[in-house]
Amino acid sequence: MPLVPVSGLRHQHNPKAATGVPVTARVRAVMPSSGLAAAKAEIGSWPGYAPTPLRDLAGIARAAGLGALLYKDEGARFGLGSFKALGGAYAVNRLLKAELAKRGIAAATADLLSGKYAEAARAVTVTTATDGNHGRSVAWGAHIFGCACVVYIHGTVSPGRERAIAAYGAQVVRVDGNYDAAVRRAAADAEAYGRFVVSDTSYPGYMEVPRDVMQGYTVMADEAFSALAAPPTHIFVQGGVGAMAAAVAAQAWEAYGAARPRIAVVEPENAACLLESAAAGRPVAVGGDLETVMAGLACGEVSLLAWEVLEDGGDDYLVVSDAAAVAAMKLLADGACGDAPFVAGESAVAGLAGCLAAAAVPAVAAALGLGEGSRVLVFGSEGATDPETYARLVGRTPQEVTAACSA
Ligand SMILES: Cc1ncc(COP(=O)(O)O)c(C=O)c1O
C-alpha cells in the first residue's frame with residue numbers, strides 16, 4: 001500500500017539539467033553567491049528571527065523504502081506561518097531603504113523598526129498580488145518597517161487568508177479571475193498610483209525585486225543544509241511560480257558544488273507550469289482556474305528569473321494529485337509510522353507527497369534513483385496558514401493536532 005495515492009502522478013525529466021558540474025555562470029548571474037550573506041545578516045537582525053526546525057521522519061522513510069527523510073518545517077517562521085516571511089519582507093526592507101536613500105535618508109533597519117523616519121516611510125506604498133502567504137509577508141514587512149501597503153487577492157483566496165493580510169494594516173483588494181489576473185491588476189494600479197510592486201514573480205523588465213525575494217528564501221535552504229548531518233542525495237521542493245524551488249536549487253549548488261543533490265520540483269495537477277515548461281524546453285503558461293487545495297501553488301506562469309535557475313538546476317518535475325497532498329498532511333498530523341505528529345499546511349506537503357508517490361511507483365523511483373540509499377530533504381513551506389481549510393482537510397483543527405504532539 002503506498003503511503004499516499006499515486007494516481008495522477010506525472011514525471012518529466014529535464015534533459016537540459018546540468019549535472020556533475022559546479023554551479024553554472026547562468027545560475028550565478030541570477031543568484032550571486034554574495035546574496036546569501038547579505039540576506040542572512042539582514043534577516044538575522046530582525047526581531048523574532050530563529051532558524052526553523054529540521055524534523056527527522058525516520059519512520060516514514062523506512063515505510064517508503066528510503067534511507068532518510070528530513071523535513072524543514074517553516075510553520076513557525078516569524079509567527080507568519082510560512083517561509084514566505086523571508087522573501088517579501090526582505091524585498092520590502094531593501095526597496096524602502098533604496099527609496100528613502102533617493103530622498104536623502106540613509107535609513108538602517110534599526111531606524112525603520114524604531115520609526116525614526118516614520119513620516120517619510122509612510123509616504124512609500126508597496127503593493128503585490130498574492131494567493132495568501134506572499135501578501136502576508138509583504139504586509140508584515142510594510143507594517144514593521146513603516147510603509148503603506150495594498151495587496152491584491154484573486155477570487156478563490158479564502159476569507160481566512162484575507163483576514164491574515166488585513167491584520168497587518170494593509171488594504172486588501174479582491175480581483176475577479178486567477179492569480180495571474182491579480183498580478184496584472186496590481187501592476188496596472190501601481191503604475192496609475194505611483195506604488196512600488198513587490199512581487200515574488202518576475203517578468204520582462206521586472207527582475208530586481210523578485211531576485212531579492214529569492215535571496216531571502218536562500219536563508220531557509222542554508223539553515224537546512226547547515227543542520228543536516230550528511231549531504232542530501234535528493235531534494236523535493238514544491239513549485240508555484242518557481243522562486244522557492246530556484247532559491248533552494250541555487251543554494252544547494254553553492255553548498256555542494258558538482259556533487260549537488262538531485263532536485264525534483266513538485267506541482268499540483270491543474271497548475272503544472274514548471275513541468276510543462278521543462279517538457280517544452282521553454283517557459284510556457286498553463287491557463288484555467290488552476291484549482292487545487294494547494295493554494296500557494298496555484299500559479300499558471302513561471303517566474304522568468306526562477307526559470308533561468310531551474311532550467312539548469314531542476315533535474316526532475318513531478319505532478320501530484322490533491323488527494324496525495326491531503327494524505328501527506330494526515331500522515332504528519334497522525335504521527336504515522338512512529339514519527340512525532342505535527343501540523344503541515346496543504347502547500348507545505350507537496351514535495352513530501354511527490355517524494356512518497358515517486359518512491360511507491362517503481363518506474364518513477366528508478367528514473368529518479370530513489371531507494372534505500374537515498375537521503376531526502378523536503379521543505380515544509382507552511383503550517384496551517386488557513387486553519388479552517390486545514391481542519392476541513394485533516395478532520396482536526398491545528399490546535400487539536402498540536403495538543404496531541406505535546407500530550
Ligand atoms: C506555502 C507555500 N509553499 C510554496 C509556495 C511556492 O513558492 P513559489 O511561488 O516561489 O514557487 C508558495 C507560494 O505562495 C507557498 O505559499
Side-chain angles (χ1 to χ4, degrees), residues 31 52 71-77 80-88 90-91 128-138 151 153-154 156-158 161 164-165 178-180 182-183 198-203 209-218 220-221 236-251 263 265-268 271-275 277 283 286 290 292-307 309-310 314 317 320 325 328-329 343-354 378-386 389-390:
M31 300 287 282
T52 54
Y71 180 102
K72 174 71 170 162
D73 184 359
E74 289 293 303
R77 182 68 76 181
L80 267 72
S82 91
F83 81 105
K84 292 251 154 183
L86 296 168
Y90 181 56
T128 190
T130 188
D131 38 43
N133 291 326
H134 173 69
R136 196 181 301 192
S137 178
V138 171
V151 175
I153 56 174
H154 57 85
T156 61
V157 173
S158 72
R161 292 187 193 281
I165 297 165
N178 65 18
Y179 171 75
D180 303 302
V183 169
V198 178
S199 175
D200 54 354
T201 198
S202 56
Y203 36 87
V209 169
R211 188 196 313 274
D212 287 344
V213 170
M214 281 163 59
Q215 292 288 9
Y217 298 162
T218 61
M220 167 186 71
F236 286 76
V237 56
Q238 46 275 32
V241 301
M244 175 197 189
V248 167
Q251 199 51 45
I263 307 285
V265 181
V266 185
E267 293 172 286
C273 56
L274 293 158
L275 179 140
S277 299
V286 169
L290 312 171
T292 167
V293 295
M294 294 168 256
L297 312 183
C299 307
E301 293 175 27
V302 305
S303 167
L304 292 184
L305 216 47
W307 186 248
V309 173
L310 291 174
Y317 293 81
V320 288
M329 290 170 81
V343 172
E346 50 280 8
S347 297
V349 295
L352 174 64
V378 297
F379 286 86
S381 47
E382 67 175 353
T385 50
D386 184 353
T389 302
Y390 182 90

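Order of appearance sets the numbers: ligands from 1, and atoms from 1 within every ligand.
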Passing option when Leu86 is tested against Met220, Gln215, Met214 for side-chain contact (heavy atoms from CB on, under 4.5 Å):
Met220

Testing Lys84, Glu74, Glu346 one by one against Glu382 for a side-chain contact (heavy atoms from CB on, under 4.5 Å), which residue passes?
Glu346

Ligand 1: protein residues within heavy-atom distance under 4.0 Å:
Phe83, Lys84, Asp131, Asn133, Gln238, Gly239, Gly240, Val241, Gly242, Ala243, Met244, Gly296, Leu297, Ser347, Ser381, Glu382

For Arg136, enumerate each residue passing the salt bridge (Lys or Arg N to Asp or Glu O under 4.0 Å) test, keeping only those at least two apart in sequence or located in another chain.
none

All side-chain hydrogen bond (donor to acceptor under 3.5 Å, both in side chains) counterparts of Ser303, not counting sequence neighbours:
Ser202

Under the rule for side chain to side chain contact (heavy atoms under 4.5 Å, CB included), what residues qualify as partners of Ala328, not counting sequence neighbours?
Val4, Val349, Leu352, Ala353

Between Phe379 and Phe83, is the ring pair (Phe, Tyr, Trp, His ring centres under 6.0 Å) condition met? List the steps.
CA-CA 9 Å; Phe379 286 86; Phe83 81 105; 8.8 Å; no

